[in-house]
Amino acid sequence: RRPSPQTSQAIAPMFEETSQLLQLVRCCENDAFLSLQLMFKMQVLPLTKQLTNLAGNLWSKSLQGKRAERIEYLLLHEFHRLKYIKPDKETYATRQAKEGKKRKQAAADRGEPEEPDADDDEGGPRRGGGQTGRKKPAYAGGLVLEPKRGFYDHYVLLLDFNSLYPSIVQEYNICFTTIKRPTPDDEGNMPLALPPPPSVAEGVLPKVIGQLVARRREVKNLLKVERDAQRKAQLDIRQKALKIMANSMYGCLGFSGSRFHARALAELITARGREALQHAVDIATNQNMEVIYGDTDSVMIHSATDDLAAARKMANILKQEVNKHYRCMEIDIDGMMKSMLLLKKKKYAALLAEEKNGQIVTTRETKVFDFSTQTPTSRICRTPLFPISQNGILFLEYFISPLRQPTSPICRTPLFPISQNVILFRVSISSGEIGAPSRARAAPRCSTSSSPASLARRSSPRSRPSFATLPPR
């Protein structure tokens with residue numbers, strides 16, 4: 001990647017003195033060694049070699065991360081074997097010309113004057129000052145439920161669909177050869193494609209995905225009985241490559257730069273994914289289970305119990321009820337969370353509980369928490385609760401595991417008075433003061449005479465989850 005002007009201005013003076021030049025060389029050498037260590041850690045060479053063997057493309061392209069090209073070559077080989085005529089690959093200029101023609105035709109149909117292309121002096125498209133390079137999604141993606149914010153000190157069940165989009169392709173026989181492409185209506189809107197009836201023969205895409213899934217299942221069976229460490233590592237890389245190839249199929253359909261781009265198929269897959277998640281939520285609700293969050297292929301259930309066996313039994317009941325409605329799609333238990341702090345969409349922290357040798361072992365899991373730059377401020381007290389760079393993780397561990405008193409690794413003293421700040425933080429989350437949208441009302445300032453108990457009484461018990469008993473100060 002081309003360095004920024006600021007970086008170039010900082011590097012240029014370093015060539016004037018020997019000591020600074022040596023420092024620059026050492027920095028470059030260190031970066032090279034770090035990249036090499038990452039390559040070995042992530043097993044880039046053996047993994048990309050397996051991906052190349054499966055797809056039949058160039059290894060150099062796999063090393064560049066050309067996922068769409070891998071799927072393209074895999075499908076090209078399969079369609080060529082079946083004697084199909086493959087579509088030509090559109091260039092970027094061709095796509096832009098086609099989109100411009102559609103815009104002009106739509107403007108002419110509405111009777112609007114034709115707008116000239118806003119190009120700069122060099123002939124490239126000119127963007128407005130507030131525009132970015134990201135486009136709006138062309139169609140609806142996965143379903144994300146509105147989370148019920150709060151702290152949950154009972155077990156939370158996490159269930160998710162195994163390889164949701166590849167399973168949908170197999171479940172509904174979605175393929176170029178089985179789906180009739182819809183045509184726009186009179187208003188120019190594209191209706192959703194319909195899946196084929198059960199009598200239609202299996203298409204190419206479901207067959208290819210089925211072969212990848214079956215091969216991965218065979219490799220995983222070999223992996224269970226293998227004892228040689230080197231052979232086991234090779235089998236593990238192979239099953240990862242097969243999983244990546246199967247899960248990348250949907251991305252090839254939705255990527256406009258792919259030879260096999262098919263918006264109608266991609267839109268149908270995401271629509272069926274939204275229906276599957278909503279169906280799982282409806283089943284859980286009918287079973288008198290409290291759904292607190294859901295995202296694309298996963299759903300979270302508040303069990304309202306402290307017993308791990310009872311929570312697991314509840315998860316198995318929901319799993320059986322959902323799976324009996326599908327042939328290829330399957331929902332499974334992904335984790336049992338002993339306690340959980342849910343702030344907003346895609347932002348939560350939890351303690352994952354797992355039973356080992358008769359004992360419950362917990363591990364912390366956080367999603368999109370930044371412990372490096374931000375310092376959250378209580379919207380009640382308007383003061384920073386803790387310095388994130390040093391004590392954020394310790395605070396989070398205390399919050400989701402309230403039986404421990406965190407201490408600073410530097411001063412070895414309690415980080416803050418638990419009886420005041422932690423309860424204030426919990427109450428502010430439960431009442432929507434922290435993690436609430438920007439349009440929410442501003443919280444009133446609290447006086448120094450306000451006690452945590454009085455603040456807890458002010459918040460509604462219906463909107464606040466039960467709090468665990470805090471240890472004394």
Side-chain angles (χ1 to χ4, degrees), residues 145-158 289-295 298-308 311 335-353 360 362-371 374 376-381 384-386 388 391-406 414-437 440 443 446 451-473:
L145 303 179
E146 189 65 30
K148 297 181 180 179
R149 296 186 300 272
F151 175 76
Y152 298 90
D153 51 7
H154 296 98
Y155 278 103
V156 174
L157 320 176
L158 176 60
M289 300 180 185
E290 182 186 3
V291 179
I292 62 174
Y293 186 49
D295 187 353
S298 60
V299 61
M300 295 181 183
I301 311 292
H302 183 219
S303 66
T305 179
D306 292 328
D307 187 6
L308 179 59
M336 313 291 292
M337 302 178 182
K338 190 173 182 180
S339 58
M340 181 179 182
L341 173 63
L342 182 58
L343 288 179
K344 57 173 66 175
K345 293 180 180 180
K346 303 181 186 296
K347 287 193 178 183
Y348 62 87
L351 284 180
L352 288 176
I360 298 177
T362 59
T363 56
R364 186 185 71 244
E365 179 181 354
T366 58
K367 292 291 184 183
V368 201
F369 271 84
D370 186 5
F371 293 116
Q374 298 179 355
T377 303
S378 170
R379 296 182 63 185
I380 296 179
C381 297
L385 292 175
F386 49 85
I388 286 295
N391 301 322
I393 296 179
L394 294 176
F395 173 83
L396 190 59
E397 284 185 352
Y398 178 85
F399 200 90
I400 59 181
S401 182
L403 298 181
R404 291 202 295 262
Q405 168 71 37
L415 300 179
F416 41 79
I418 294 299
S419 61
Q420 306 219 352
N421 289 339
V422 176
I423 295 182
L424 289 176
F425 193 55
R426 284 188 175 183
V427 171
S428 61
I429 290 175
S430 303
S431 59
E433 302 299 339
I434 293 182
C446 70
S451 64
S454 63
L455 286 173
R457 287 193 297 268
R458 292 175 197 173
S459 59
S460 173
R462 293 184 179 180
S463 62
R464 185 179 76 252
S466 59
F467 293 158
T469 304
L470 287 171
R473 179 177 174 182

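Sequence positions, counted from 1, serve as the residue numbers for this chain.
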Has Y152 got a side-chain atom pairing as donor or acceptor with I292's backbone, closer than 3.5 angstrom? no
Roughly how far, to the nearest 0.5 Å, is CE of M337 from OG1 of T363? 10.0 Å
May I ask you to decide if Y155's main-chain N or O and S303's side chain share a donor-acceptor pair within less than 3.5 Å? yes
If every non-hydrogen atom of H154 is compared with every non-hydrogen atom of H302, which pair is closest and at what distance? CB-NE2, 3.6 Å
Inter-residue atom distance M300.CE - L342.CG, 0.5 Å rounding: 7.0 Å
Let me confirm one number: the CG-CG distance from L351 to L341, rounded to the nearest 0.5 Å. 10.5 Å
Answer yes or no: is there a side-chain heavy-atom contact under 4.5 Å between L145 and V291? yes
If you define the side chain from C-beta out and look only at heavy atoms, does anything of Y293 sit under 4.5 Å from K346? yes
Do R149 and L343 pass the side-chain contact (heavy atoms from CB on, under 4.5 Å) test, and can you show the C-alpha distance, the side-chain angles, and the key distance before you say yes or no? CA-CA 5 Å; R149 296 186 300 272; L343 288 179; 5.6 Å; no
Quick one: CG on L308 to NZ on K338, what's the gap to the nearest 0.5 Å? 9.0 Å
Sorted by chain and residue number, the side chain to side chain contact (heavy atoms under 4.5 Å, CB included) partners of S298 (sequence neighbours excluded) come out as L158, D160, D295
Interatomic distance, R364 atom CZ to L352 atom CG [nearest 0.5 angstrom]: 11.0 Å
Closest heavy-atom pair, L157 versus M336, reported as atoms and distance to 0.1 Å, is CD2-CE, 3.2 Å
